[in-house]
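In what follows, a structure is listed as structure tokens, so that the remarks can point back to it.
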Amino acid sequence: MKVELINDVLVVQLPARLDAVGVASIEEQLAMAVANHRGKVLADMSQVTFVASLALRMLLTTLKAVQPLGGDVRLVGLQPPIAEIFRKSRFDTFFQIYSDRTTALAAYTAPSG
């Protein structure tokens, strides 16, 4: 998992396989990075080719951790099969999803309303 700060957005590059092993390898690191940042998080899923229910739980837990702090978690780069999982599980209603990183980062700086 690669983590970088772009302006005030914590960008997290998630690994290709978010199965039990993949989630276990990053969950603690992700939680610590998000807790230390306390704000806007962009999960780059462009490399993700497999997502298990544990990964959905991890993302939702991350979202719930930052919302009380005024932050949120947005997703970018979902491959079509992964996007379909998010749609079928209705997880697409919890997250704002963008096709590419540039658009997602721009949306964070765009005036709301």
Side-chain angles (χ1 to χ4, degrees):
M1 180 177 87
K2 180 181 170 193
V3 179
E4 63 184 303
L5 191 62
I6 299 177
N7 297 323
D8 62 343
V9 180
L10 184 70
V11 180
V12 180
Q13 178 74 51
L14 297 177
R17 291 194 57 82
L18 290 176
D19 53 9
V21 173
V23 169
S25 72
I26 67 164
E27 192 166 26
E28 187 176 328
Q29 181 185 1
L30 176 63
M32 287 177 35
V34 168
N36 290 334
H37 178 64
R38 303 173 60 93
K40 302 170 186 169
V41 178
L42 181 62
D44 187 334
M45 298 184 66
S46 58
Q47 302 300 314
V48 177
T49 58
F50 181 86
V51 63
S53 60
L54 284 172
L56 299 177
R57 180 193 53 80
M58 176 186 68
L59 290 170
L60 189 58
T61 300
T62 303
L63 177 64
K64 288 183 176 187
V66 298
Q67 282 179 328
L69 308 171
D72 72 344
V73 177
R74 298 181 184 183
L75 309 177
V76 65
L78 277 68
Q79 301 298 321
I82 304 301
E84 183 69 7
I85 291 168
F86 273 77
R87 189 189 65 72
K88 284 185 174 178
S89 64
R90 307 219 3 104
F91 267 64
D92 61 344
T93 63
F94 298 121
F95 299 95
Q96 292 183 53
I97 301 174
Y98 299 90
S99 59
D100 62 83
R101 191 183 278 204
T102 302
T103 304
L105 290 169
Y108 267 122
T109 59
S112 53

One should read off an interatomic distance between L56 CG and T61 OG1, to the nearest 0.5 angstrom, of 10.5 Å
Does the side chain of R74 reach to within under 4.5 Å of the side chain of V9, using non-hydrogen atoms? no
Atom NZ of K2 and atom CG of L14: how far apart are they, to the nearest 0.5 Å? 13.0 Å
Answer yes or no: is there a donor N or O on one side and an acceptor on the other, between the side chain of D100 and the main chain of T102, under 3.5 Å? yes
Steps toward side chain to side chain contact (heavy atoms under 4.5 Å, CB included) verdict (M32, V3): CA-CA 11 Å; M32 287 177 35; V3 179; over 6 Å; no
Tightest non-hydrogen contact, residues A33 and L10, listed as O-CD2, 3.7 Å
Distance in Å, Q47 CD paired with Q79 CD, rounded so as to fall on 0.5 Å steps: 7.5 Å
Kindly assign one of parallel, tilted or perpendicular to the pair F94 and F91, based on the angle between their ring planes and the thresholds 30° and 60°. perpendicular
Enter the distance from H37:NE2 to D8:CG here, rounded to the nearest 0.5 Å. 6.5 Å
Hey, are the side chains of L42 and D44 touching, using non-hydrogen atoms and a 4.5 Å cut-off? no
Are any of the side-chain heavy atoms of I26 and L18 separated by less than 4.5 Å? yes
Under the side chain to side chain contact (heavy atoms under 4.5 Å, CB included) criterion, do V76 and V11 qualify, and how do the steps go? CA-CA 10 Å; V76 65; V11 180; over 6 Å; no
What distance do Q13 atom CD and R101 atom CZ have between them, rounded to the nearest 0.5 Å? 6.0 Å
Look up atom CG in L59 and atom CD in E27, then write down how far apart they are to the nearest 0.5 Å. 9.5 Å
